[in-house]
Amino acid sequence: MIDGRVVVERCDVLAACTEEPGRITRPFASDAMRRAHQYVREWMRQAGMTVTRDNIGNLRGRYEGTGDATLLLGSHLDSVRDAGKYDGPLGVMVALAAVQRLHDDARQLPFAIEVLAFADEEGLRYGSTYLGSRAVAGTFDASDLERTDSAGVTMAEAIRAFGGDPTRISDDRWGGDLLGYCEVHIEQGPVLEARALPVGVVSAIAGQSRMLIELTGQAGHAGTVPMDRRRDALAAAAELVLAVEAAATTQPGLVATVGMLDVEPGVANVIPGRATLSLDVRHPDDRVRIEACETLLARTRELAKRRKLAVEIRALSENAAVRCEPRLVSLLTQAVKNSKQQPLELTSGAGHDAVAMSALTGACMLFVRCKGGVSHNPAESVTAADVSVAIDVLGRFLDLLARP
Ligand code: HGY
Ligand code: MN
Ligand code: MN
């Protein structure tokens, strides 16, 4: 019977599908993604599924049932740069394992199951989030097709090169009767480990705002421009980074991060003329998040004015907080109990495809303990035993949904 050990082995296989040898980097519509699809396509086939790939580049495995409705399972196959093995792929592999068990037992449920291996949750290549799940949910923003990657390739060109038709993304929208969406994902936080629990049920997902801030001063000679005559973009960015950290530490539940900082011209003996930084702000309460963003942007404009710099702010993505569907949450909690595990409900600070899918249908999530809560880091780690629990819980969730 397929178990956590096989799932962990499969995540190892997918980890080798990378654009950067020596570390895991699997962007949207990349050759690495194409290689990952070859493995997942075969594992879907072994689980008795028919496999299709839609225009945006989601891989979809369908396991027929005796009724017309469909339950959607899944997670994403893309990664951040220098990622861990499990953020995304674990959810797809656990879903496939639950279907494999049905297939091995020649069982059909009174509903079909479709496992969605999403094309892009992280936004690494184009800065946009949830491309795959938005296409399925019917909320894909066609203007994103004009976004260009670091090599100047538009999203439309990347989709076409990957075998999709960018003019027909709307065909990817789900049409038909749905029971809901369930996503298994590593917790990416410390709670389950602290409570010594293998799995947890997600009650809500924090909202997030992501933007780019460009500060423009004046490049100059590091040896000749007096300190009081400089318009140093990096010094301004440094002040802003510390202001972001200070603002987040004063507000419970708020997290704010500057994850990317690009300096031009980036030469030791030149005063930086331009600094571009990313800003990621999150909170379970949208009002708090929006207010925090307003405060931080006002602070940005104030320091830019004081330092005689120009400032340009570009929104990258904005996602409201999402409450998981109460009926599915209670079924998933019952499945945890039926699995002889202690149930725990927790919120997610990380965003997930469940955010986008909640626009289409009721969504729920099962978290799996990960070592030290570490994620977006090659040290990401799970145990096969915990993954076996997750497969068992998901199977019991299916059984509960199948009850008349
Ligand atoms: O950033 C996030 O929350 C997710 O990992 N994309
Ligand atoms: Mn993820
Ligand atoms: Mn992630």
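We count ligands from 1, going down the list as the structure has it; atoms in each ligand are counted the same way. These values consider heavy atoms only, across backbone and side chains, with no hydrogens, waters or symmetry-generated copies. Small disclaimer: the values here were computed from a predicted structure and weren't measured.
Ligand 1 has at least one atom lying under 4.0 Å from a heavy atom of Q208.
Taking the six-membered ring for Trp, F162 and H37 have ring centres closer than 6.0 Å. Taking the ring centroids of Y181 and H352, they lie at or beyond the 6.0 Å cut-off.
A donor and an acceptor atom, one from each side chain of T154 and E146, are nowhere located under 3.5 Å apart. Side chains of T276 and D262: no donor on one and acceptor on the other come within 3.5 Å. A donor-acceptor pair shorter than 3.5 Å can be found between the side chains of D392 and S339. When only modelled atom types and interatomic distance are considered, N269 and H221 share no side-chain donor-acceptor pair under 3.5 Å.
Inclusion of G351 in the set of residues having an N or O under 3.5 Å from an N or O of ligand 1 is warranted. An N or O contact shorter than 3.5 Å is missing between Q188 and ligand 1 by distance.
Atoms of ligand 1 found under 4.0 Å from any heavy atom of H376 (numbered from 1 in listed order, with element): 5 (O). Close approach to E122 involves these atoms of ligand 1, each under 4.0 Å from a residue heavy atom: 4 (C), 5 (O), 6 (N). Near R282, meaning under 4.0 Å from any of its heavy atoms, are these atoms of ligand 1: 1 (O), 2 (C), 3 (O). Near A350, the atoms of ligand 1 lying under 4.0 angstrom from a non-hydrogen atom of the residue are 3 (O). For ligand 1 and R210, the ligand atoms under 4.0 Å from any heavy atom of the residue are 1 (O), 2 (C).
With a cut-off of 2.8 Å, the Mn ion (ligand 3) has no N, O or S atom of H76 in range. Under 2.8 Å from the Mn ion (ligand 3) lies an N/O/S atom of E122, whether from backbone or side chain. Counting backbone and side-chain atoms alike, D87 contributes an N/O/S atom closer than 2.8 Å to the Mn ion (ligand 2). The Mn ion (ligand 2) has an N, O or S atom of H185 inside 2.8 Å of it.
Salt bridge status for R10 with D12: absent, with no side-chain N to carboxylate O gap under 4.0 Å.
Judged purely by atom type and a 3.5 angstrom limit, R26 uses its side chain to pair as donor or acceptor with the backbone of C17.
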